[in-house]
2 protein chains.
Amino acid sequence: MEVTVVDNQAAEVRAAAKKIITVPAFGFGLCPVRDILDRFGDKWSLLSILHLGSTDSLRFNELRKRIDGISQRMLTVTLRALEADGLVQRTVYAEVPPRVEYALTELGQSLLGAVIEFGNWASAHAPAIAEARQRGALAAA
Amino acid sequence: MEVTVVDNQAAEVRAAAKKIITVPAFGFGLCPVRDILDRFGDKWSLLSILHLGSTDSLRFNELRKRIDGISQRMLTVTLRALEADGLVQRTVYAEVPPRVEYALTELGQSLLGAVIEFGNWASAHAPAIAEARQRGALAAA
DNA sequence: GCCAATGGTTACTTTTGGTAACTCAAAGGT
DNA sequence: ACCTTTGAGTTACCAAAAGTAACCATTGGC
């Protein structure tokens with residue numbers, strides 16, 4: 001029966017979730033998962049990583065063009081944070097006008113896998129979410 | 001040679017990333033990935049999902065105790081948003097004092113997989129990130 | 001001696017997140 | 001009769017983060 005299969009999968013996943021939320025604190029402050037969700041759980045970090053991951057390297061303004069809607073300030077802020085965490089490599093060429101290239105480090109590449117799975121989920125389930133939202137909107141009316 | 005293996009993996013991943021960032025817009029506004037990253041890219045949504053995913057269901061205050069640091073208001077706000085998106089099921093029992101139970105829907109369960117992979121990455125690479133941050137802090141000093 | 005191009009920064013506004021106090025409704029004590 | 005407790009929230013208020021717009025530095029070409 002279908003329910004049983006789902007239940008078995010759910011049990012495994014439940015155990016994995018439990019394990020993650022109990023990961024103990026490392027060197028810096030909170031438990032790693034908390035800390036890292038805190039850091040990348042913003043509007044632009046994961047998107048930046050996806051875009052950087054889709055090519056070898058990108059210049060500042062090229063990246064800005066591709067990440068639709070991001071402001072110049074937020075792109076610098078986001079990139080600096082990612083650089084500080086060792087996910088992005090920033091290379092400045094001493095030219096005029098300046099040329100700055102951004103690329104994922106190996107650490108950044110390793111995160112890309114998880115981000116992609118998340119992205120795949122998003123595109124697969126967007127219809128279901130849209131439907132849920134519409135149901136909610138109708139119920140409120 | 002190791003480099004070749006890494007490069008091949010990188011090429012695959014790059015292609016996947018490219019695919020995701022070009023997913024076209026669906027019913028609501030932006031491209032699904034943008035929209036969904038926007039929605040779950042906040043401080044508490046993914047954490048709430050992880051905690052809900054680690055059990056069958058949780059009452060409001062129990063969940064609040066487990067998600068360390070979340071305020072009452074942010075927990076309600078977060079849960080309402082997740083409910084509106086069809087990820088969380090809210091069940092109110094007509095008792096006094098009230099009892100409200102929260103559980104992941106099947107849609108929520110399906111997201112859990114991606115979140116767990118993200119969490120695993122976080123605990124695996126927390127040391128590397130801590131190191132990068134320290135390097136940055138030292139360089140600034 | 002002025003403009004354009006690139007990659008920013010600064011000052012200001014708006015939106016979001018966080019805190020603390022309040023509500024509701026019934027049960028239990030005194 | 002009245003006060004307190006309990007769970008699950010609101011409401012009003014304040015701080016922090018994100019967004020906007022304008023500005024800056026360099027320098028080769030006109």
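Below, read A as the first sequence line, B as the second, and so on, with proteins coming before strands; counting in each chain starts at 1. Note that the structure is predicted; figures quoted are calculated from it, not measured.
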*Compare every heavy atom of A:Gly86 with every heavy atom of A:Thr105, then report the nearest pair and how far apart it is.*
OG1-O, 2.6 Å

*asked:* Looking at every heavy atom in both B:Leu104 and B:Gly53, which two are closest together, and how far apart are they?
replied: CD1-CA, 3.5 Å

*To the nearest Å, how far apart are A:Glu95 CD and C:dG7 P?*
10 Å

*Quick one: do B:His125 and A:Leu107 satisfy side-chain contact (heavy atoms from CB on, under 4.5 Å)? Show the steps, please.*
CA-CA 8 Å; B:His125 295 85; A:Leu107 186 60; 3.4 Å; yes

_Any base atoms under 4.0 Å from B:Tyr93, or only sugar-phosphate, or nothing? Heavy atoms, all strands._
nothing

Using the test side-chain hydrogen bond (donor to acceptor under 3.5 Å, both in side chains), find all partners of [X] that sit at least two apart in sequence or belong to another chain.
{"X": "B:Glu131", "answer": "B:Arg135"}
{"X": "A:Asn120", "answer": "none"}
{"X": "B:Arg66", "answer": "B:Glu62"}
{"X": "B:Thr91", "answer": "none"}

*Of the options B:Leu63, B:Leu47, B:Leu112, which is the one that meets B:Leu52 in a side-chain contact (heavy atoms from CB on, under 4.5 Å)?*
B:Leu63

*Going 5' to 3' along nucleotides 9-19 of chain C, which nucleotides have protein heavy atoms under 4.0 Å from the base (write B), which only from the sugar-phosphate (write S), and which from neither (write -)?*
BBB-----BBB

*If the sugar-phosphate is the primed atoms plus P, OP1 and OP2 and the base is the rest, what is the B/S/- string for nucleotides 23-30 of chain C, using protein heavy atoms under 4.0 Å?*
--BS----

*Answer yes if B:Val92 and B:Leu82 sit in the same cluster of Ile, Leu, Val, Met, Phe, Trp and Tyr residues linked by side chain heavy atoms under 4.5 Å apart, and no otherwise.*
yes

*Please collect all side chain to side chain donor-acceptor pair (under 3.5 Å) contacts where either partner lies in residues 44-55 of chain B, sequence neighbours excluded, each pair once.*
B:Asp42-B:Ser45

*Hey, could you give me each pair passing side chain to side chain donor-acceptor pair (under 3.5 Å) that has a residue in residues 72-89 of chain B? Not counting sequence neighbours.*
A:Arg133-B:Asp85

*Nucleotides bounding contact with chain B, strand DNA chain D, heavy-atom threshold 4.0 Å*: D:dT6 to D:dA12

*For the atom pair CG (A:Leu50) and NZ (B:Lys18), what is the distance rounded to the nearest 0.5 Å?*
13.0 Å

*Nearest 0.5 Å please: distance from the CG atom of B:Leu111 over to the CG atom of B:Leu46.*
6.5 Å

_Can you tell me how the ring of B:Phe40 sits relative to the ring of A:Phe118, calling it parallel under 30°, perpendicular over 60° and tilted otherwise?_
perpendicular

*Please list, chain by chain and in numerical order, all residues satisfying salt bridge (charged side-chain N to carboxylate O under 4.0 Å, His left out) with B:Lys43, sequence neighbours excluded.*
none

_To the nearest 10°, give me the bend of the helix from C:dG1-D:dC30 to C:dT30-D:dA1, comparing the axes of its five terminal pairs at either end._
30°

_Does anything in residues 53-61 of chain A come within less than 4.0 Å of DNA chain C? Heavy atoms only, and list the residues if so._
A:Arg59, A:Phe60, A:Asn61

